[in-house]
Amino acid sequence: MLDQKSTSKIILTGDRTTGPLHLGHYVGSLKNRVQLQYTHRQFLLLADAQALTDNAEDPAKTARGVFEVALDYLAVGIDPKLTTICVQSCLAALPELTMLYLNYVTVARLERNPTVKEEIRLRGFERDIPAGFLCYPAAQAADITAFKADLVPVGADQAPMIEQTNEIVRRINRQANRDVLVEARALIPPVGRLPGVDGKAKMSKSQGNAIALSATADEIRAAVHSMYTDPNHLRVSDPGEVEGNVVFTYLDAFDDDKTELEELKTRYQRGGLGDMVIKRRLEEKLQVLLTPIRERRKQLTEDRAYVLEVLRTGTEVANSVTQATLEEVKAALGLFRF
Ligand code: TRP
């Protein structure tokens, strides 16, 4: 297995450590990563330094998040024997690479990054954009290239980050006159992003429309029952809309019985199928998916020493990989070295 993996592609991806992960992360990326760890050399980055770029007023939150996200990884089935889990702020080569890359990217280009633009709008930074935040695409390029990643499994919103990373890669390689860095490819899941339970485009903890992977049975029930359906579907006998109906969007993601699901959709559209029936079905699917995750997470919470050991070991491995890349880049650019 390991021999086979040593010749295969390298994966690096990560999450900002701002709190526990939710179902949107699971569908968009975590589920994929659990599969990929069997066939690829995979690194997962607990991106606490990136989390700080828009949480400067609460650094302790980014620190607590390291443990929370690590618990989520382990609870969904990331196996630390197959995947290296590491802490971003403990990898000194990353900010060094970031500082180098910032010389090869313009402020205008950073400002044009569509993800950054949207995040600036959402966070209401307006003109008071923290410089660290504006520059985080260069830091993310450092994350990706330091591990020489070929593949980056992420949600669709991260595609501009990979594009910008590759621009930096090409710029550095041109400067170095050789391919010292590797271009990466985004691996975006075919299913669209999971909407929030309120029907808003994105599930997000800060919007209060998310279902955490650690949600209790009651929280799952309440979230499903509050879900946005079709506002014009008032009586059971009324015809209902499937398009834009959050319960059906979730059933598409979590219900494996596609034949039965199609039948339900037809009945709903025709009229005669109540919201409660589809909500109960969805709740059942989510309880089945999340109960073992929650239980495993709880066990791990009680074994803090084990989790910390996983992070310590993973970070040590990651340190040697990323330091080696930093040295190579410095040498390739012809910078001063003793
Ligand atoms: N920007 C990513 C997010 O907000 C997190 C992240 C940090 C990341 N570094 C990364 C993702 C490197 C992929 C690769 O979810």
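Just follow the structure's listing: the first ligand is 1, and inside any ligand the first atom is 1.
In terms of protein heavy-atom proximity, atom 4 (O) of ligand 1 is nearest to Arg16 NE, 3.4 Å.
Looking only at distances, no side-chain donor or acceptor of Asp198 sits under 3.5 Å from a matching main-chain atom of Asn209. Not one N or O on the side chain of Asp179 forms a donor-acceptor pair closer than 3.5 Å with the backbone of Asn173.
Applying the 4.0 Å criterion to heavy atoms of Val152 picks out, from ligand 1, the atoms 13 (C), 14 (C). Close contacts of ligand 1 with Ala47, meaning ligand atoms under 4.0 Å from a residue heavy atom, involve 7 (C). With ligand atoms numbered from 1 in the order given, ligand 1 contributes 12 (C), 14 (C) to contacts under 4.0 Å with heavy atoms of Leu12.
Taking the ring centre of Phe133 as origin, the terminal cationic atom of Arg123 falls outside the region bounded by 6.0 Å and 45° from the ring axis.
At least one N or O atom of Gln140 sits closer than 3.5 Å to an N or O atom of ligand 1. In terms of polar-atom proximity, defined here as any N/O pair under 3.5 Å, Gln158 does make such a contact with ligand 1. For ligand 1, the polar-atom distance check finds an N/O of Asp143 within less than 3.5 Å of one of the ligand's N/O atoms.
Ring planes of Phe254 and Tyr250: tilted class, angle from 30 to 60°. Between Phe248 and Tyr268, the ring planes lie perpendicular to each other; the angle is over 60°, past the 30° to 60° tilted range.
Among Gln88, Glu119, Gln50, the residue whose heavy atom lies closest to atom 1 (N) of ligand 1 is Gln50.
Ionic pairing of Lys285 and Asp257 is not present here: no N-O contact between side-chain nitrogen and carboxylate oxygen is shorter than 4.0 angstrom.
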